[in-house]
There are 2 protein chains.
Amino acid sequence: MLIGKKDKADISRARILDAAAGLFRQYGYGQVSLRVIAEAAGMKSGSLYYHFASKEAIVVEVLDLGIEMVHQKVDTAICAMSEQASAGELLHAGILNHLQALFAFSDYTSANVRIYGQVPDEVRKANRRVRRRYEALWMSILSRAEESGGLRASVDHDAFKLMLIGSLNATLEWFDPVKDDVQKLADSYTEILLGGLLNHVESNV
Amino acid sequence: MLIGKKDKADISRARILDAAAGLFRQYGYGQVSLRVIAEAAGMKSGSLYYHFASKEAIVVEVLDLGIEMVHQKVDTAICAMSEQASAGELLHAGILNHLQALFAFSDYTSANVRIYGQVPDEVRKANRRVRRRYEALWMSILSRAEESGGLRASVDHDAFKLMLIGSLNATLEWFDPVKDDVQKLADSYTEILLGGLLNHVESNV
DNA sequence: GTCTATAGCTCGATAGAC
DNA sequence: GTCTATCGAGCTATAGAC
């Protein structure tokens with residue numbers, strides 16, 4: 001999952017992080033011991049301390065990577081879009097790339113979604129910076145979409161951003177990218193988030 | 001949180017479950033020891049075994065209650081609605097009552113959302129039954145809404161149900177019912193889910 | 001860089017007094 | 001019903017050989 005590494009230390013570091021991400025995702029933070037992380041990474045528990053100062057140092061890096069991999073993919077995709085892109089096109093691209101990154105790096109992203117609320121305070125605080133940056137990216141996507149026209153004025157951007165990220169991340173709990181097509185999932189979520197459930201003739205509530 | 005109990009055993013049981021739900025929510029399953037559950041419930045760890053056979057037996061009950069409390073509130077609210085209720089009214093009622101129950105019993109509901117993916121297999125399997133029942137309730141709400149007319153045919157009910165439950169549950173991670181109004185949150189989510197983000201003149205994607 | 005060995009601690013669970 | 005006491009196991013982290 002982590003690529004582009006060169007020397008032995010970098011390779012071992014990456015193996016430890018990959019192993020930890022997968023185990024944290026499946027069993028939570030507290031249930032995963034350094035012994036099983038080491039075993040999954042192909043070494044003994046004592047050797048972990050050559051690469052990381054503590055269990056907390058490992059989880060900090062796993063959590064940050066879980067956000068940063070999504071951030072980078074969405075950012076790159078949005079930056080590459082034409083100036084003339086419509087609001088619908090921008091949002092569809094953001095949703096699709098968020099979902100693609102979510103499932104491409106699912107051990108890291110799912111570990112983040114699942115254990116963020118359960119790690120020690122200092123760990124959570126460290127990850128908060130990265131989370132805020134990703135939320136800010138979505139605010140800028142919404143601003144750009146608004147400039148291109150077509151957004152309903154009654155929808156609060158901040159609420160929409162939180163709802164969008166929350167609903168997309170929740171797909172990690174049930175969607176299977178092997179059985180089903182992420183592209184179709186993105187189309188389906190875009191359809192609902194942009195167009196809503198109701199026919200547009202009647203006013204809701 | 002758990003009320004209507006009578007004798008000493010029932011009271012102690014309820015205190016144990018309340019304590020466990022709050023601790024599981026905050027620290028996850030693996031990091032919470034029976035000793036701290038017992039302390040939070042006002043007893044010693046050995047005493048827990050008079051009420052529960054194991055740590056797993058406690059978490060099974062916490063997880064089930066987290067779904068059942070929401071199920072019951074939503075079911076009651078929907079059943080009480082007039083036959084002439086519109087699709088928008090039905091969905092708003094479902095969304096509002098789901099959110100209200102989510103925050104009224106937040107230790108149980110949040111514990112469920114957070115640790116479901118990390119508990120032992122048999123525990124997760126036990127909770128799956130209750131989850132399926134709640135999803136079925138939402139399918140019946142969507143069917144009833146469709147009969148009353150006004151739903152876009154292009155929206156898949158199954159995808160919408162998963163997205164709705166996922167996005168509502170995700171509010172547990174950021175919404176503060178003390179600082180803000182759950183009613184307003186429900187209005188805001190209903191607005192987006194039923195009407196979408198875009199102006200209805202343009203077609204999306 | 002990775003190993004073995006282990007210190008010091010906490011865990012879930014049980015047994016038996018009251 | 002709740003207590004105390006304890007078993008055997010597993011935990012994070014460290015020390016030092018290789």
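Chain letters run A, B, ... following the sequence lines, proteins first, then strands; residues in each count from 1.
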Minimum-distance nucleotide (side-chain atoms of [X] versus [options]):
X        : options                   : value
Ser12(B) : dG1(C), dT2(C), dG1(D)    : dG1(D)
Leu34(A) : dA13(C), dC11(C), dA13(D) : dA13(D)
Ser33(B) : dG1(C), dT2(D), dG12(C)   : dG12(C)

TODO: Could you tell me whether the phosphate oxygens of dG12(C), OP1 or OP2, come under 4.0 Å of any side-chain nitrogen or oxygen in Ser54(B)?
DONE: no

- [ ] May I ask you to evaluate whether Tyr49(A) reaches the phosphate of dA13(D), defined as a side-chain N or O under 4.0 Å from OP1 or OP2?
- [x] yes

Open item on the list: Can you see whether Ser54(B) engages Glu56(B) through a side-chain donor-acceptor pair at a distance of less than 3.5 angstrom?
Closed with: no

Task: Residue pair Asp64(A) / Val60(A), side-chain heavy-atom distance below 4.5 Å - done: yes

Task: Atom pair CG (Leu197(A)) and CD (Glu191(A)), whose distance is rounded to the nearest 0.5 Å - done: 10.0 Å

TODO: Decide if atom CZ of Phe52(B) counts as having more than 12 heavy atoms of other residues, nucleotides or ligands within a radius under 6.0 Å.
DONE: yes

Open item on the list: Taking CZ in Arg133(A) as the centre, count heavy atoms belonging to other residues, nucleotides or ligands within less than 6.0 Å. Is the count above 12?
Closed with: no

To the nearest Å, give me how far apart [atom1] ([X]) and [atom2] ([N]) are.
X        : N       : atom1 : atom2 : answer
Lys55(A) : dT14(D) : NZ    : P     : 15 Å
Tyr50(A) : dC18(D) : OH    : C1'   : 15 Å
Ile16(A) : dG1(C)  : CD1   : P     : 12 Å
Gln31(A) : dC11(D) : CD    : P     : 11 Å
Glu56(B) : dC11(C) : CD    : C1'   : 15 Å

TODO: Give one of base, sugar-phosphate or nothing for Val36(B), where a contact means two heavy atoms less than 4.0 Å apart.
DONE: nothing

- [ ] Could you go through the salt bridge (Lys or Arg N to Asp or Glu O under 4.0 Å) check for Asp18(A) and Arg15(A) one step at a time?
- [x] CA-CA 5 Å; Asp18(A) 282 352; Arg15(A) 288 166 63 95; over 6 Å; no

Can you give me the N/O atom pairs linking the protein to nucleotides 3-7 of chain C at distances under 3.5 Å, or say none if there are none?
unit_1: dC3(C); atom_1: OP2; unit_2: Lys44(A); atom_2: N; d: 2.6
unit_1: dC3(C); atom_1: OP2; unit_2: Ser47(A); atom_2: OG; d: 2.7

Open item on the list: Whether the side chain of Asn97(A) engages the backbone of Ala93(A) through a donor-acceptor N/O pair (distance < 3.5 Å, no angle test) should be reported.
Closed with: yes

